[in-house]
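Please read these numbers as outputs of a predicted model, since none were measured by experiment. Sequence positions, counted from 1, serve as the residue numbers for this chain.
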Amino acid sequence: MHNFFKQAVVRFGCLLVASFSLGYVCVDRSFLSAALLPADQTDFPWLFKGNTDAIRGGKSTVQIEGDKASLRFTLQMSHAVDYPMAAAELVFQDQRRRPVHVDLSRYGAVAFKVRCAPANTLMFIVTTFDKAVSRRDDLLTYRAPLAYFSCDEHEKTIELDLTRLETPHWWFDMFKLNLARQEYKLDQVPKLAFNSTSQTPFDVPAKVVITDLVLTGRDYRYLFLLAFLLITGWGIFAIWFFRAYARALTAEVKEKLRKDLPFVAYQQLSLTPHRDKEKSAVLVFINANYSSADLDLDVVVERTGVNRSKINELLKSELGFTFSAYLKKLRLTEAARLLSENTSATIAEIAYSVGYGNVSYFNKLFKEEYECTPKAFRIACEHRA
């Protein structure tokens, strides 16, 4: 059993280290992060361009400044038309600089640092394709979920939940859709935009600087993989542990029974001639009455006529035990034999048959002797068979 427990501790330790290492890797990889800046180092190439109300006759303008490490633009709002608008847009493109739709469905949030002069209130808009109403050749038909944020000359960090953006009412009115239909997908996104609002300063240059633009999210596939690998790994360990334990226990039972053969064959002791009549009388009497719960040293003295010290002396010299140790060994060995051979008898019945009226006490002594409970010993013997 010592070798088994040594192997079990080593394997448990290795599995524990592997689990923590695997857990660290999978959990770390489940956190997604995609930086959109600098522009030449992002996984989602984009073109920075302006968009205004000029198509409707408006005079609002947006001036884009070339800077790959940040987004710098200046809005100049005009009241020339109703609902004036100016925006700085990140239009996604492929390697050939053609507009494309990108899949942002794995990302749940966006964060960036912003600085405005003068103070401003802007919109962050995610333009996304809606399969029910959108047309590829008309971005006006795309859903445009948005969120508002404020900024001033002091740089601040903005964090927005991409899954809880608000779709403007005009979009629902345009397509006669129920306002409750707020669900949207981010699997086909042609562009992101920083847009003016009704609270953007008019008739003055409104400068905006945005840095550290990052999309974040979670990839739960790594967590599912982690759960699968941990359940599989620990499941295999558990199966190995119980099987190896059963084999080790079976081997130990065999060794115990081999060592206890002289006691298993205790009935033959009464037939073995002894030169010392006192020794023979003591051994025969104990072996014939060991199953009596009332058997003790005083009873042996009274029935054999051999004094107490002589009984312990001859048992020590003959078998290496004191009276109480020999009686316990004899009873437990017989209990082990019954457990291995008589599967129909209960633990309590076997305990009573070998002289123990208290089953709990019997279980305690048996576990001390065989390093397992009577029930486990019986199971081990069944495996041995």
Side-chain angles (χ1 to χ4, degrees), residues 1-2 4-5 8 241-272 279-304 306 308 311-385:
M1 291 294 284
H2 175 74
F4 160 72
F5 284 116
F241 181 88
F242 288 113
R243 287 183 176 178
Y245 176 77
R247 289 194 297 268
L249 185 58
T250 299
E252 189 165 20
V253 166
K254 289 181 179 180
E255 181 65 16
K256 281 282 186 181
L257 292 178
R258 185 187 67 79
K259 290 181 179 180
D260 292 343
L261 283 177
F263 297 97
V264 174
Y266 69 89
Q267 290 178 333
Q268 298 178 5
L269 291 175
S270 61
L271 302 178
T272 304
K279 182 186 298 184
S280 178
V282 169
L283 291 175
V284 169
F285 180 78
I286 294 175
N287 292 334
N289 296 277
Y290 75 94
S291 61
S292 172
D294 298 328
L295 182 65
D296 59 17
L297 189 55
D298 291 334
V299 172
V300 178
V301 170
E302 179 183 347
R303 298 294 296 274
T304 63
V306 182
R308 298 170 65 92
I311 292 174
N312 278 315
E313 180 183 341
L314 64 87
L315 288 176
K316 193 73 174 177
S317 62
E318 178 74 13
L319 300 170
F321 293 99
T322 63
F323 169 76
S324 59
Y326 175 64
L327 180 61
K328 182 180 77 170
K329 185 72 173 179
L330 198 60
R331 286 173 169 174
L332 294 178
T333 301
E334 176 63 4
R337 185 185 70 81
L338 293 174
L339 285 167
S340 64
E341 297 178 0
N342 187 354
T343 58
S344 62
T346 66
I347 304 297
E349 289 172 343
I350 291 175
Y352 296 145
S353 70
V354 297
Y356 290 108
N358 187 317
V359 179
S360 297
Y361 183 61
F362 166 71
N363 286 336
K364 176 177 178 294
L365 294 179
F366 193 93
K367 189 171 183 180
E368 290 175 353
E369 179 68 19
Y370 291 97
E371 298 182 358
C372 63
T373 64
K375 182 178 179 181
F377 185 91
R378 169 174 279 173
I379 293 174
C381 288
E382 290 175 353
H383 283 290
R384 178 172 63 91

Nearest non-hydrogen partners of [X] and [Y], listed with the distance:
X: Leu365; Y: Lys328; result: CD2-CD, 4.0 Å
X: Phe377; Y: Ala336; result: CE2-O, 3.5 Å
X: Arg378; Y: Leu339; result: NE-O, 3.7 Å
X: Ser353; Y: Ser291; result: O-CB, 3.2 Å

If you define the side chain from C-beta out and look only at heavy atoms, does anything of [X] sit under 4.5 Å from [Y]?
X: Arg308; Y: Ile311; answer: no
X: Leu327; Y: Tyr290; answer: yes
X: Leu332; Y: Tyr356; answer: yes
X: Pro374; Y: Ile350; answer: no
X: Val359; Y: Tyr352; answer: yes
X: Glu349; Y: Leu338; answer: no
X: Val301; Y: Val306; answer: no
X: Leu283; Y: Leu315; answer: yes

Query raised in the report: Do the ring planes of Tyr245 and Phe241 sit parallel (below 30°), tilted (30 to 60°) or perpendicular (above 60°)?
Result: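 Rings of Tyr245 and Phe241: parallel, as their planes differ by under 30°.
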**Report entry** Residue pair Asn312, Tyr326: steps toward the side-chain hydrogen bond (donor to acceptor under 3.5 Å, both in side chains) verdict
**Finding:** CA-CA 10 Å; Asn312 278 315; Tyr326 175 64; over 6 Å; no
Requested in this report: Quickly, which of Asn289, Val282, Asn287 forms a side chain to side chain contact (heavy atoms under 4.5 Å, CB included) with Phe285? Name it, please.
Outcome: Asn289
Taking [X] first and then [Y], would you say they form a salt bridge - that is, a charged N and a carboxylate O separated by under 4.0 Å?
X: Lys329; Y: Glu369; value: yes
X: Arg331; Y: Glu334; value: no
X: Glu371; Y: Lys367; value: no

Requested in this report: Examine distances only and state if a side-chain atom of Ser317 and a backbone atom of Leu314 form a donor-acceptor pair shorter than 3.5 Å.
Outcome: yes
Query raised in the report: Yes or no on side chain to side chain contact (heavy atoms under 4.5 Å, CB included) for Val299 and Asp294, after CA distance, side-chain angles and deciding distance?
Result: CA-CA 8 Å; Val299 172; Asp294 298 328; 5.6 Å; no
